[in-house]
Number of protein chains: 2
Amino acid sequence: MAERPTTIYDVARAAGVAPSTVSRAFSRPGRVNAETAERIREVAAELGYRANPQARALSTRTTSMIAVLLADIANPVFAELVRGAEEAAAEAGYAMVLADTRESAGREREVLDKILPAVDGVVLASPRMSDTAVRQVAKVKPTVVLNREVGGLPSVVVDNPRGMRRAAEHLAGLGHGHVTYLAGPEAAWPDGVRWRALRDARHDLGLTVRRVGPVPPTVNGGIRAAAAWAAHPTSAVVAYNDMIAIGFMRGVLAMGKRVPEDVSVIGFDNTQSAEIVSPSLTTVASPQRELGARAVRHVLAFVGGARSTSTEPVVLPSKLVLRASTGPGPEHA
Amino acid sequence: MAERPTTIYDVARAAGVAPSTVSRAFSRPGRVNAETAERIREVAAELGYRANPQARALSTRTTSMIAVLLADIANPVFAELVRGAEEAAAEAGYAMVLADTRESAGREREVLDKILPAVDGVVLASPRMSDTAVRQVAKVKPTVVLNREVGGLPSVVVDNPRGMRRAAEHLAGLGHGHVTYLAGPEAAWPDGVRWRALRDARHDLGLTVRRVGPVPPTVNGGIRAAAAWAAHPTSAVVAYNDMIAIGFMRGVLAMGKRVPEDVSVIGFDNTQSAEIVSPSLTTVASPQRELGARAVRHVLAFVGGARSTSTEPVVLPSKLVLRASTGPGPEHA
DNA sequence: CAACACGCGGCAACCGATTGCCATTCGACC
DNA sequence: GGTCGAATGGCAATCGGTTGCCGCGTGTTG
């Protein structure tokens, strides 16, 4: 432990050349005589030399690392997203580091202070901090925002309005006239978008809509939402995400009601849990893996110097996955 | 984007002092005249100065960051672990960065090359690389291994043998005489430990045990395990983890068999899914949050210079959580 | 009044790489 | 034989901080 790693200086001394030559042997193929380079490489291998990316970053200002900030690692919806991001980064020869910010704007700031100088770009997935703070970050390093739009900044989002619209149409088609939205955290940008999309659909589809919450985006949050909903029950609910939807089902089951006979439930995200819970959950799916990959590629394009890249948000489609948690409503023909 | 951040040199010029004084104003309270320090701090705030931890690391060799390497982010068992690690790190004023290595020893190496110089210590959670490679890492930076024991290196593990023993006792008590173990990845250290613990229990408890697999530690892996198990069915199975157990249940359900009437199922990890699946899953729980926190504190102790810290593994208890997936077996009294 | 300690700021070296520029060597060409 | 240019290696500055050491000015003490 704490054994000093070998540097180009160690290698240079051992190989009888100048440090600059060692440096070039690795980063400037052809700039150094082939034999000399070969000898240097041998000595380096023998000594177990590994370049220190941080030291390199001092002068080159690039580290081959990008950071992805996540609001909540425990939220399973991020699992696939991270995979996509990691793969896209690896493909481009970058390492991806992740930071969990525990749904807190303060933690986001703290982590960024430490990590920002160490990376070439940042993906902010569902950031909780203010637009101003996000722009601040974007001034320092190439930044792409995920699941949120911040004016003027590149972002990758899911087509939430269309997803919600499909959910509403599905419920209306089943004969549900009243729908409750179980709201997630107010700091979560998609929450507002989804709620507005539901409200916008109400005229066309002849629905009345209500809203309970906000509750935390967890199973327990869903249980609390169930209690709130019970004060003015409706025959259908759409939850901010799958976790809330699952908690809600658990809550209403505990009240002796049944899903979907007494109440139809739709979630968002199509997490693995949506499939294994029973009744299995109808939910609005989004291509998370693709989302992560696109965000990373987008950042890397900026890192590569793209200046003119459009700042129009990249919008990825969502689709409704039908399962067993939705059924006919009171006005079913 | 790409706007050069302010440095101590900028601050020094603006405040009319030497860069070294700026540096000391921040890192050596008392070393600089209070008024001067105050003025420097004001100027710094005005210019939006933020210290570059990487540059600092060059001379101090500490970055206030630690890395946690995970075999698979998508595995929900890691969610709580990460939480515990993150909290313990934050408590000590450290930032935690995470890297997903996609169950690949190669990725572990690549990521470590990039990230190691940027952090003060490393937690290797369920590493897939060889003992030799792990020791190599430990020579460079303080390292703690999680869910695995590598001779001579500090580690934090769960008491798997006891957990498996409890599971076996539970099944034996219910009148199951034959138990199949659904094996996880061979590279996963706990897999061997759990299997051996089950075999060791067989004499005492009068069981016969079999083993199918290995299969990937996922729901799909479990479905495959179900097919393999069906060739020689037993009235009880213990899976390497919850995901496999859940996939297994899905698989046998699809064959028209019922859980627990036809086969009792026990998982490992007590992930959230174990609770919401139906039938709910009996599983061996471990204190993941504590596991993560302990590992981080352990690393930080080494970072702080502890040399004599014992390298005896820290062993955390596990316990059996009874749910609906286990029931009486054929020899039930 | 001399000797000394202490407070406080600056100088310069250093951490580990990269890179612009210069010096040397050597072969080629006129 | 002289000139020129390509190939190759070294010197030294630089990136953004940290820190050992020096020096100056002031206050304290004998």
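Order of the sequence lines sets the chain letters (A, B, ...), proteins ahead of strands, with each chain counted from 1. Keep in mind it's a predicted model, so treat the numbers as computed, not measured.
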- Query: Got a sec, which residues hit ring pair (Phe, Tyr, Trp, His ring centres under 6.0 Å) with B:Tyr9, two or more places apart in sequence or on another chain?
  - Reply: none
- Per side chain to side chain contact (heavy atoms under 4.5 Å, CB included), A:Arg148 is matched among A:Val157, A:Leu124, A:Val134 by A:Val134
- Item | Residues A:Arg39 and A:Glu42 bridged, charged N to O under 4.0 Å | no
- Separation of atom CD1 in A:Ile40 from atom P in D:dG10, rounded to whole Å: 8 Å
- Query: Do other residues, nucleotides or ligands put more than 12 heavy atoms under 6.0 Å from A:Glu38 CD?
  - Reply: yes
- Identify, between B:Gly16 and A:Pro53, the residue whose nearest nucleotide on DNA chain C lies closer to the 5' end. B:Gly16
- Message: Measuring only between side-chain heavy atoms, which start at C-beta, is B:Val17 closer than 4.5 Å to B:Ile40?
- Response: yes
- Not counting sequence neighbours, which residues clear salt bridge (charged side-chain N to carboxylate O under 4.0 Å, His left out) with B:Glu80? List them please. B:Arg289
- Step by step, would you call B:Glu108 with B:Arg128 a salt bridge (Lys or Arg N to Asp or Glu O under 4.0 Å)? CA-CA 8 Å; B:Glu108 286 179 355; B:Arg128 299 300 189 233; 5.9 Å; no
All N/O contacts under 3.5 Å from nucleotides 5-8 of chain C to the protein, with atom names and distances to one decimal?
residue, atom, partner, partner atom, Å
C:dC8, OP1, B:Asn33, ND2, 3.4

- Task: Considering non-hydrogen atoms only, spot the tightest contact between B:Thr62 and B:Asp120 and give its length.
- Result: CA-OD1, 3.2 Å
- Query: Hey, does B:Arg50 have a side-chain heavy atom less than 4.5 Å from the side chain of A:Leu116?
  - Reply: no
- Message: Return a single string for nucleotides 12-19 of chain D, one symbol per nucleotide in 5' to 3' order, where B is base contact, S is sugar-phosphate-only contact and - is none, cutoff 4.0 angstrom on heavy atoms.
- Response: B--BBBBB
- In short, the helix from C:dC1-D:dG30 to C:dC30-D:dG1 is bent end to end, axes from five pairs each side, to 10°, by 60°
- Run the numbers on A:Thr101 and A:Leu70 for side-chain contact (heavy atoms from CB on, under 4.5 Å), then give the verdict. CA-CA 6 Å; A:Thr101 62; A:Leu70 246 50; 6.0 Å; no
- Task: State plainly whether the residues B:Arg83 and A:Asp100 are in salt-bridge range, i.e. N to O under 4.0 Å.
- Result: yes
- Task: Check B:Ile66 against B:Tyr94 and note the closest heavy-atom contact, atom names and distance.
- Result: CG2-CD2, 3.8 Å
Are any protein N/O atoms closer than 3.5 Å to N/O atoms in nucleotides 24-27 of chain D? If there are, list each pair with its distance.
none

- Taking all non-hydrogen atoms of both residues, which atom of A:Thr6 and which atom of A:Gly48 are closest, and how far apart? OG1-O, 3.4 Å
